[in-house]
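Beneath this line is the structure, given in C-alpha cells, with notes to follow.
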Amino acid sequence: MKQWITFDLDGTLMQNPFGKGVFPEVEEQISAALQRPFRATEALVREHELRMQQGLTVAAYDWDDMVRRLLAELQLQLDLDVERLVLKHSAAPKIYLLEETVIPTLRRLAERGYSLAAVTNGFYKYQYPVMERLGLGEWFDEIVTPEKAGCGKPDAGILRLLQETGRIVAHVGDRLDHDVYMANRAGVPSVLIHRKLPEPLRALTPQERAANAEFAAICAEKLQAENPLAAVDPYPAAYKPTHVLVRLEELLDCVT
C-alpha cells in the first residue's frame, strides 16, 4: 500500500498565469471587440462562484466553457481558447514557485518513500503546462483534477482513487474551505500552509500553531474571506487544520 502525501497547487506550491496573463488578455480582447471597457474577469468569477454554490465542482473550473458562454451572451465571435492562453502566458514573471524549498522538499519526501500527488481544482490542461515549466511535474506520481475524478474540492470524493491504492498521510493546502475541510472530511491530517503568520506563532511547532487561540482568530478571519457565508462563531471543527506550516520544508517534521 502506498503512503500518499497530497498537495494543492495554486497558492500552495506555485502561482498560475490566470491573474496576470490569462484573465487580462480575455478582458482586453472582449473590451476591444465591444469598443468599451468590460469587466470580463468579474463576470467569469461570478459564474465560477455560482457554479460552486450549486455544487457543480467540476463545471466551476471549466474556464473554456465559461468563456464560451460569456462570449455567447455578449454576441461576440472571438477565438479565445483558455488552454492556449495558459500556454502563452506560462513564463516568468507570470508563473513561479512560491518558495525555494518547494522542489527540495518534494525530493526529500520522495527519497523517504512517499508517493506524491497533486490534488487540484484546476483542470489538467491548465495545470500541467505550468507544472512542467516550473519543474514540478516530474515529482508527482499522480495529478488528480476535477474532470478526471468527477468532482472537485471540497468534495472529499476527489481523494477516492488515491485512497483505493494506499493511505493518505497528509494533505497540504492553503485554503480552509477547500483543503482543510476536504482533508478533515476524509479523515486525513490537514496541513495548512500560511506564510504570513505573526512572529510569536512562528516559534511554535506546526501542531502547536494549529491549537493556538491566536491562530483560531486568524482562521476565523481567513475562512470568512474565503467563504463569506461560513459561520465562524463558534469556529467549526471541520475547518480546523491539524498542522500549520510557514514554509513547506516544515512538512518534513510533520510526517514520519
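If you're wondering where the values come from, they're calculated on a predicted model, not measured in any experiment. Hydrogens, waters and symmetry mates play no part in the numbers below; they use all other heavy atoms, side chains included.
Between Glu221 and Ile218, every side-chain heavy-atom pair lies at or beyond the 4.5 Å cut-off. Counting heavy atoms from C-beta on, the side chains of Leu201 and Val244 never come closer than 4.5 Å. Using a 4.5 Å heavy-atom cutoff, the side chains of Val86 and Val22 are in contact. For the pair Cys254 and Leu245, the minimum side-chain heavy-atom distance is below 4.5 Å. Annotation: side chain of Gln15 is not in contact with side chain of Pro93 (no heavy-atom distance under 4.5 Å). No side-chain heavy atom of Met131 sits less than 4.5 Å from a side-chain heavy atom of Leu13. Side-chain atoms of His178 and Met52, non-hydrogen and from C-beta on, do get closer than 4.5 Å to each other.
At least one donor-acceptor pair under 3.5 Å links the side chain of Thr165 to the backbone N or O of Leu162. Between the side chain of Thr57 and the backbone N or O of Cys151, no donor-acceptor pair lies under 3.5 Å. In this structure a side-chain-to-backbone donor-acceptor pair under 3.5 Å is missing from Tyr126 to Val130. Here the side chain of Arg133 pairs a donor or acceptor atom with the backbone of Leu87 at under 3.5 angstrom. Proximity of a side-chain donor or acceptor of Asn184 to a complementary backbone N or O of Lys240 within less than 3.5 Å is detected. Without hydrogens or angle criteria, Thr120 side chain to Thr145 main chain gives no donor-acceptor distance under 3.5 Å. No donor-acceptor pair under 3.5 Å is formed between the side chain of Asn227 and the backbone N or O of Leu223.
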task: I would like to know whether Phe18 and Leu85 meet side-chain contact (heavy atoms from CB on, under 4.5 Å); could you show each step before the answer?
output: CA-CA 9 Å; Phe18 276 80; Leu85 291 176; over 6 Å; no
message: For Gln207 and Thr205: C-alpha separation, side-chain torsions, deciding distance, then whether side-chain hydrogen bond (donor to acceptor under 3.5 Å, both in side chains) applies.
response: CA-CA 5 Å; Gln207 284 180 295; Thr205 69; 5.4 Å; no
task: Kindly indicate, with the supporting measurements, whether the criterion side-chain contact (heavy atoms from CB on, under 4.5 Å) is fulfilled by Phe38 and Leu70.
output: CA-CA 11 Å; Phe38 182 80; Leu70 179 59; 4.2 Å; yes
task: May I have the step-by-step check of side-chain contact (heavy atoms from CB on, under 4.5 Å) for Met66 and Val82, ending in yes or no?
output: CA-CA 10 Å; Met66 286 183 277; Val82 175; over 6 Å; no
message: If you apply the rule side-chain contact (heavy atoms from CB on, under 4.5 Å), what do you find for Leu44 with Val67, and how did you get there?
response: CA-CA 7 Å; Leu44 291 169; Val67 168; 4.1 Å; yes
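Under a cut-off of 6.0 angstrom, the local environment of CD in Gln54 is crowded, with over 12 non-hydrogen atoms contributed by other residues, nucleotides or ligands. Counting heavy-atom neighbours within 6.0 Å of Arg112 CZ, excluding the residue itself, gives a total above 12. The local environment of CZ in Arg202 is crowded, with over 12 non-hydrogen atoms from other residues, nucleotides or ligands closer than 6.0 Å. Other residues, nucleotides and ligands place no more than 12 heavy atoms under 6.0 Å from the CD atom of Gln35. Atom NZ of Lys20 has 12 or fewer neighbouring heavy atoms from other residues, nucleotides or ligands inside a 6.0 Å radius.
The only option from Asp177, Asp174, Asp8 that meets the salt bridge (Lys or Arg N to Asp or Glu O under 4.0 Å) definition with Lys153 turns out to be Asp8. The only member of His243, Glu250, Glu214 that meets side-chain hydrogen bond (donor to acceptor under 3.5 Å, both in side chains) when paired with Arg209 is Glu250.
Using a 4.5 Å cut-off between side-chain heavy atoms of Ile, Leu, Val, Met, Phe, Trp and Tyr, with links allowed through other members, Val169 and Leu161 fall into different hydrophobic clusters. In this structure, Ile193 is a member of the same hydrophobic cluster as Val191, with clusters built from ILVMFWY side-chain heavy atoms closer than 4.5 Å. Hydrophobic cluster membership is shared by Leu9 and Phe123, with clusters built from Ile, Leu, Val, Met, Phe, Trp and Tyr side chains linked at under 4.5 angstrom. Criterion: ILVMFWY side-chain heavy atoms under 4.5 Å apart, direct or through other members. Under it, Ile168 and Leu116 are not part of a common hydrophobic cluster. Note: the hydrophobic cluster containing Trp139 also contains Val255 (ILVMFWY, side chain heavy atoms under 4.5 Å, direct or indirect links).
The pair Glu100-Arg247 meets the salt-bridge criterion, with a side-chain N (NZ, NE, NH1 or NH2) lying under 4.0 Å from an Asp/Glu carboxylate O. Looking at Arg51 and Asp62, no side-chain N of the basic residue comes within less than 4.0 Å of a carboxylate O on the acidic one, giving no salt bridge. Checked for salt-bridge contact, Lys125 and Glu147 miss the test: no charged N lies under 4.0 Å from a carboxylate O. Looking at Asp141 and Lys2, no side-chain N of the basic residue comes within less than 4.0 Å of a carboxylate O on the acidic one, giving no salt bridge.
Gly11 and Arg195 make their closest contact through O-NH1, 3.5 Å (heavy atoms, listed as atom of the first residue, atom of the second, distance). Shown here for Tyr96 and Leu134, the closest heavy-atom pair between the two residues is CA-CD2, 3.7 Å. When all heavy atoms of Leu248 and Thr105 are compared, the pair lying nearest together is O-CG2, 3.8 Å. Leu176 and Pro241 make their closest contact through CD2-CD, 4.2 Å (heavy atoms, listed as atom of the first residue, atom of the second, distance). The two residues Tyr239 and Tyr235 have their closest heavy-atom pair at O-OH, 3.0 Å. Here the closest non-hydrogen pair linking Gly135 and Ile103 is O-CD1, 3.6 Å.
In this structure, the separation between CG on Leu106 and OG1 on Thr101 is 9.0 Å, given to the nearest 0.5 Å. We find the OH-OG1 distance between Tyr114 and Thr6 to be 13.0 Å, quoted to the nearest 0.5 Å. In this structure, CD on Gln29 lies 8.0 Å from CG on Asp79, to the nearest 0.5 angstrom. Here the CD-CE distance, from Glu99 to Met14, works out to 14.5 Å after rounding to the nearest 0.5 Å.
Side-chain atoms of Glu49 and Gln53 include no donor-acceptor pair closer than 3.5 Å. Side-chain contact annotation: Gln127 with Asp10, donor-acceptor N/O pair under 3.5 Å present.
For residues 188-217, there are no ring pair (Phe, Tyr, Trp, His ring centres under 6.0 Å) pairs, not counting sequence neighbours.
Taking the ring pair (Phe, Tyr, Trp, His ring centres under 6.0 Å) definition, one finds that His48 meets it with Tyr61, Trp63, sequence neighbours left out. Qualifying side-chain hydrogen bond (donor to acceptor under 3.5 Å, both in side chains) partners for Glu226, counting only residues two or more places apart in sequence or in other chains: Lys222.
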